[in-house]
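What's counted below: heavy atoms across the whole structure, side chains too, no hydrogens, waters or symmetry copies. Numbers here simply count residues along the sequence, with the first being 1.
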Amino acid sequence: MMTISGTVPYVFALREDLDVLPDVVRASEINLHTGFATAADGSMYYTLQGVGIIHISADMRQQAVIPIASDYREMNFHSTRIATINGEERLIFTANDHECVIVMTLEGEPDFTLARPTRPPYDNPETDYKPTDAMLVGDKLYVADGYAANYISVVDIGSKEWVSIYGGHTEDRTENGKFRTAHGLALAPDGKHLIIADRWNSRLQVHDLNGAFVTSHHLPYNAWLCNLNLIQWDGRWLGVIACLYDVDEEKKRPAPIFVIDATTFEILSTIRPKEDFGVERAQRMHNAVWHVHNGKLFIVCHSWNPGKFMILEQVV
C-alpha cells in the first residue's frame, strides 16, 4: 500500500525511484545545505559543497554533476536561483561563508561576483555578512543576509551598485520590518511585493519592492520557516515551506513541510517526511520547491544537518 502524507487535496507520496543521485553526490549527501532552482527548459539545479553544481533533468530521472573550479567547489552555496540577465539565463548563488553572491552560466562558468554591500552597516568591516538567499526582480537583486546582520540589501544588476538596504536584526518576534533570521525570499503573486521567511520568528514578512513593511503572517511558532516557494496551480496560488523544526518547545519532533494558500497564508496541508515516509535523515527540512512535469505536481526538497534529497508527488 502507498504511504502518503498531508491533507486532501495536497497529499503526497515519496518517489523513491527518483532518488537518482550520482555516486559522488551520494557520498556527500549528508552535507546538503542549499536550494533548488528551475530553468526555462524545466530542468533543475542545486549545489553541494565539495562536489559542485548538480543538474536534474526535467523528468527528474537523471542527475549529473557540472564541474566548476575548485575555489568555487569548496564554497557552500546556500541558495540556488536562476534569472535572466542580459538575455541569458544565469545561476545566482549566495556564498554564505564567503561574503559574496556569485553569478555563473548554466554550464558553471563564472560570470561575475558581487562582494559584500557597501552601504551602512556593511561599510564597517566588523559587521558580519553571510548571505542566505538572493532574488532578481526586474533589474534589482535582493540579497538576504540571514546568517549575520539580517538586512535585505538591493543591488542594481546592471551597474553592480548597491542602491538600498532595509531590515536589520531584532530579538522581538513582534517587531515588524526586522528579522532574526532573514533566511529566504519569494516574490508575491502580484509581482509587487517580496515575502521574507523570517526563520527564527516563524513568520513571513511582506515588504514592497522599495523595502517598506506591509504585513506579517505568523505561522506556528518554533517551526522555523526556512523558505517559501510559490506556484499557481489549479486556479490557486500555493506556497510550499520547509521547516527546520516542529512546533514543540523542545524541538524534538521531526520537522514538517507546509503547503499554504499564498494569498491568505492559511496552512492547507502538513507533510511529515520522517514520520510518515520513514526517512530517517529528514529530522530538519531546509528547502522545498514546486516542480511540474507531465501535468503532475511534485515537491523537490532536502533536509539539513543531516542532509537528504527527496522528491514527493501529489497523489490526491
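- The main-chain N or O of Ala182 is found under 3.5 Å from a side-chain atom of Asn150 such that the two form a donor-acceptor pair.
- Residues passing the salt bridge (charged side-chain N to carboxylate O under 4.0 Å, His left out) test with Arg61 are Asp17, sequence neighbours excluded.
- Membership of the apolar cluster around Phe36 extends to Leu18, Leu21, Val24, Val25, Leu32, Met44, Tyr46, Leu48, Val51, Ile54, Ile56, Met60, Val65, Val289, Phe298, Val300, Phe309, Ile311, as traced through chained side-chain contacts below 4.5 Å between ILVMFWY residues.
- Put simply, the side chain of Gln205 gets close to the backbone of Gly177: a donor and an acceptor are under 3.5 Å apart.
- Counting only heavy atoms from C-beta outward, the side chains of Leu91 and Thr80 approach each other to under 4.5 Å.
- The ring-ring contact (aromatic ring centres under 6.0 Å, His included) analysis of residues 49-95, with sequence neighbours excluded, yields the pairs His33-His78, Tyr45-His55, Phe77-Phe93, His78-Tyr147, His78-His183, His78-His286.
- Glu171 meets the salt bridge (charged side-chain N to carboxylate O under 4.0 Å, His left out) test with Arg180; sequence neighbours excluded.
- Residues Pro254 and Ala282 share a closest heavy-atom pair of CB-O, 4.3 Å.
- Considering only heavy atoms from C-beta on, Asn210 stays 4.5 Å or farther from Ser164 through its side chain.
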Start with the C-alpha distance between Asp172 and Thr174, add both sets of side-chain angles, then the distance that settles side-chain hydrogen bond (donor to acceptor under 3.5 Å, both in side chains), and finish with yes or no. CA-CA 5 Å; Asp172 180 1; Thr174 67; 2.7 Å; yes

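- Under the 4.5 angstrom side-chain criterion for Ile, Leu, Val, Met, Phe, Trp and Tyr, the cluster partners of Phe12 are Tyr10, Leu14, Ile231, Trp233, Leu238, Val240, Ile257, Val259, Leu268, Ile271, Phe277, Val279, Met285, Trp290, Val292, Leu297, Ile299, Met310, Leu312.
- Between the side chain of Arg73 and the main chain of Ile68, a donor-acceptor pair closer than 3.5 Å is present.
- Cluster annotation: Ile66 and Leu106 are assigned to the same hydrophobic cluster (Ile/Leu/Val/Met/Phe/Trp/Tyr, side-chain heavy-atom contacts under 4.5 Å, transitive).
- Looking at residues two or more places apart in sequence or on another chain, you find no side chain to side chain contact (heavy atoms under 4.5 Å, CB included) involving Glu74.
- Note: Ser202 OG to Leu219 CG = 8.0 Å, rounded to the nearest 0.5 Å.
- Using a cut-off of 4.0 Å between Lys/Arg side-chain N and Asp/Glu carboxylate O, Arg284 and Asp246 are scored as not salt-bridged.
- Taken to the nearest 0.5 Å, the CD atom of Glu109 stands 8.5 Å off from the CE atom of Met104.
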- Task: Give the C-alpha distance, both sets of side-chain angles, the deciding distance and a yes or no for side chain to side chain contact (heavy atoms under 4.5 Å, CB included) between Val137 and Leu209.
- Result: CA-CA 9 Å; Val137 183; Leu209 296 182; 3.9 Å; yes

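- Applying the salt bridge (charged side-chain N to carboxylate O under 4.0 Å, His left out) rule to Glu99 yields the partners Arg116; only residues at least two apart in sequence or on another chain are considered.
- Within the 4.5 Å cutoff, the side chain of Lys296 has heavy atoms near those of the Glu313 side chain.
- Salt bridge Asp111/Arg90: present, at least one basic N to carboxylate O contact under 4.0 Å.
- Between Lys130 and Asp97 there is no salt bridge, since none of the side-chain N atoms of the basic residue sits less than 4.0 Å from a carboxylate O of the acidic one.
- The residue from Asn31, Thr34, Asn96 that alone fulfils the side chain to side chain donor-acceptor pair (under 3.5 Å) condition with Asn76 is Asn96.
- The distance from atom CG of Leu228 to atom CG of Asn287, rounded to the nearest 0.5 Å, is 10.5 Å.
- Residues forming a side chain to side chain contact (heavy atoms under 4.5 Å, CB included) with Thr7 (at least two apart in sequence, or on another chain): Ser269.
- A chain of hydrophobic side-chain contacts below 4.5 Å, direct or via other Ile, Leu, Val, Met, Phe, Trp or Tyr residues, connects Phe179 to Val154.
- Evaluation of the salt bridge (charged side-chain N to carboxylate O under 4.0 Å, His left out) rule for Arg203 yields Asp198 as partners, not counting sequence neighbours.
- Residues Glu29 and His302 form no side-chain contact, since every pair of their non-hydrogen atoms from C-beta on lies 4.5 Å or further apart.
- Contact annotation: the side chain of Leu204 approaches that of Ile241 to within less than 4.5 Å [non-hydrogen atoms, C-beta and beyond].
- Just one of Leu187, Val103, Ile82, Ile85 meets the side chain to side chain contact (heavy atoms under 4.5 Å, CB included) condition when paired with Leu136; it is Ile85.
- There is a path of hydrophobic side-chain contacts, each under 4.5 Å, that joins Leu185 to Tyr166.
- Legend: residues meeting side chain to side chain contact (heavy atoms under 4.5 Å, CB included) with Ala134, ordered by chain and number and at least two apart, are Ile92, Thr94, Leu141, Val143.
- By the criterion of side-chain heavy atoms lying less than 4.5 angstrom apart, applied directly or through intervening Ile, Leu, Val, Met, Phe, Trp or Tyr residues, Leu225 is grouped together with Ile260 in one hydrophobic cluster.
- Side-chain atoms of Asp248 come within 3.5 Å of backbone N or O of Lys252 as a donor-acceptor pair.
- Between Lys308 and Glu280, none of the side-chain N atoms (NZ, or NE/NH1/NH2) sits under 4.0 Å from a carboxylate O, so this pair counts as no salt bridge.
- A donor and an acceptor atom, one from each side chain of Gln62 and Ser57, are nowhere located under 3.5 Å apart.
- Remark: the backbone N or O of Ile157 is paired with a side-chain donor or acceptor of Lys160 at under 3.5 angstrom.
- Counting only residues at least two apart or on different chains, the ring-ring contact (aromatic ring centres under 6.0 Å, His included) pairs with a member in residues 209-231 are Trp200-Trp224, His207-Phe213, His217-Phe265, Trp224-Tyr245.
- Val155 and Tyr129 fall within the same hydrophobic cluster, defined by Ile, Leu, Val, Met, Phe, Trp and Tyr side-chain heavy atoms under 4.5 Å apart, directly or through other members.
- Partners of Ala149 by side chain to side chain contact (heavy atoms under 4.5 Å, CB included), not counting sequence neighbours, listed by chain and number: Tyr122, Thr127, Asp145, Tyr151.
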